[in-house]
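So the structure is just underneath, and the comments pick up after that.
Values below: every heavy atom of this structure, side chains too, minus hydrogens, waters and symmetry copies.
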Amino acid sequence: MKLNVGRTLLLGFGFFGVSILWAIHDSYVPIFLGKDFALDASLVGAILTVNTIIVFLIQPSIGSLSDRTRTRLGRRMPFILIFAPLAALGFAILPMLVQPTLLWVFIGVLVLTIVMLAMFRTPVVALMPDITPSQFRSQANGLINLMGGIGAIIAFAGGAVLFKANPAFPFWAAALLLLIGSGIVLW
């Protein structure tokens with residue numbers, strides 16, 4: 001018996017999509033908040049910290065809930081099927097809300113998007129131990145993290161080029177890649 005590398009890499013597309021979204025979020029949301037909405041650095045930091053706290057609080061309960069979920073699609077897939085498209089939609093909408101009069105709408109959509117992302121991130125990561133024999137989980141975890149790293153590299157390198165062309169482009173590309181990655185995992 002050996003690790004099914006191909007299957008593990010396909011599963012890694014879920015974390016690939018999550019990593020792209022986070023990298024674009026971390027790179028460009030602070031620019032929107034600081035430059036376009038003219039918020040000072042401490043307020044930008046506070047907003048981003050609240051996002052992190054939300055994720056920190058949501059993920060353990062969602063992981064526990066996905067452990068107990070029993071559906072025809074399995075334990076994890078319903079979370080991915082529902083929340084990945086919602087996170088992608090919210091992320092794609094964000095740059096269209098960058099107008100000084102829409103600050104609170106932008107923050108509301110940002111928080112909802114982060115909540116949706118948190119709702120499927122833990123189930124995506126928990127899929128690996130579900131399908132991987134225990135003696136291969138360290139190797140599989142390395143492959144999953146490799147896919148996440150590739151996603152982050154693509155986001156940082158491609159995001160810069162896309163942002164220069166149009167600040168909305170990295171968000172739209174990340175949303176599309178999240179949908180593609182999640183679709184591969186669901187497949």
Side-chain angles (χ1 to χ4, degrees), residues 8-56 58-59 80 83-122 124-125 141-186:
T8 305
L9 288 173
L10 288 175
L11 180 61
F13 274 99
F15 196 53
F16 169 87
V18 169
S19 296
I20 287 175
L21 232 66
W22 274 118
I24 296 297
H25 169 276
D26 292 348
S27 297
Y28 302 111
V29 167
I31 293 172
F32 289 155
L33 292 171
K35 181 181 167 219
D36 297 305
F37 289 113
L39 300 180
D40 68 29
S42 61
L43 198 49
V44 171
I47 291 167
L48 298 177
T49 300
V50 167
N51 282 346
T52 302
I53 291 169
I54 289 169
V55 170
F56 177 75
I58 289 174
Q59 285 182 330
I80 299 165
F83 297 112
L86 291 173
L89 176 64
F91 207 68
I93 290 171
L94 274 177
M96 295 183 280
L97 301 173
V98 179
Q99 300 172 32
T101 58
L102 296 178
L103 173 63
W104 292 108
V105 176
F106 180 88
I107 291 173
V109 170
L110 177 63
V111 168
L112 287 173
T113 300
I114 296 304
V115 167
M116 296 303 114
L117 189 59
M119 297 287 281
F120 81 91
R121 183 187 186 279
T122 301
V124 161
V125 172
N141 188 52
L143 290 173
I144 299 289
N145 283 313
L146 172 69
M147 293 297 289
I150 291 169
I153 289 167
I154 289 170
F156 290 130
V161 172
L162 292 174
F163 191 81
K164 286 178 186 171
N166 182 324
F169 288 173
F171 288 80
W172 297 344
L176 179 63
L177 289 171
L178 173 64
L179 290 174
I180 291 169
S182 298
I184 290 171
V185 170
L186 289 167

Completion exercise
ring pair (Phe, Tyr, Trp, His ring centres under 6.0 Å) pairs touching residues 144-181, sequence neighbours excluded, are Y28-F163, F32-F171, F91-F171, F169-W172
Grab the two heavy atoms, one from [X] and one from [Y], that are nearest each other, plus how far apart they are.
X: I58; Y: M119; value: CG2-SD, 3.8 Å
X: A84; Y: L178; value: O-CD2, 3.7 Å
X: P85; Y: L179; value: CA-CD2, 3.7 Å
X: A174; Y: I24; value: CB-CG1, 4.0 Å
X: L21; Y: A175; value: CD1-N, 4.1 Å

Problem - Set of side chain to side chain contact (heavy atoms under 4.5 Å, CB included) partners for T122, sequence neighbours left out - result: Q59
Exercise for the section: Taking side chain to side chain contact (heavy atoms under 4.5 Å, CB included) as the test, write out the residues that go with I153, two or more places apart. Expected result: none
Contact check, side chains of [X] and [Y], non-hydrogen atoms, under 4.5 Å:
X: V125; Y: I144; answer: no
X: I114; Y: H25; answer: yes
X: L117; Y: V55; answer: no

Nearest 0.5 angstrom please: [X] [atom1] to [Y] [atom2], how far?
X: N51; Y: L110; atom1: CG; atom2: CG; result: 4.5 Å
X: M96; Y: L94; atom1: CE; atom2: CG; result: 9.0 Å
X: L146; Y: T8; atom1: CG; atom2: OG1; result: 11.5 Å

Per-pair distances, 0.1 Å, donor-acceptor, side chain in residues 10-19, under 3.5 Å, sequence neighbours excluded:
unit_1	atom_1	unit_2	atom_2	d
S19	OG	F15	O	2.9
S19	OG	G148	O	3.4

Practice task
List in chain and number order the residues that pass side chain to side chain donor-acceptor pair (under 3.5 Å) with T52, two or more places apart in sequence or in another chain; answer none if no residue qualifies.
Solution key: none
Exercise for the section: For F83, check ring pair (Phe, Tyr, Trp, His ring centres under 6.0 Å) against everything at least two apart and list the hits. Expected result: none
Side-chain donor/acceptor pairs under 3.5 Å, residues 98-105, sequence neighbours excluded:
none

Do any side-chain atoms of residues 33-48 form donor-acceptor pairs under 3.5 angstrom with protein atoms, and if so which ones, sequence neighbours left out?
unit_1	atom_1	unit_2	atom_2	d
D40	OD1	S42	N	3.2
D40	OD1	S42	OG	2.8
D40	OD1	L43	N	2.9

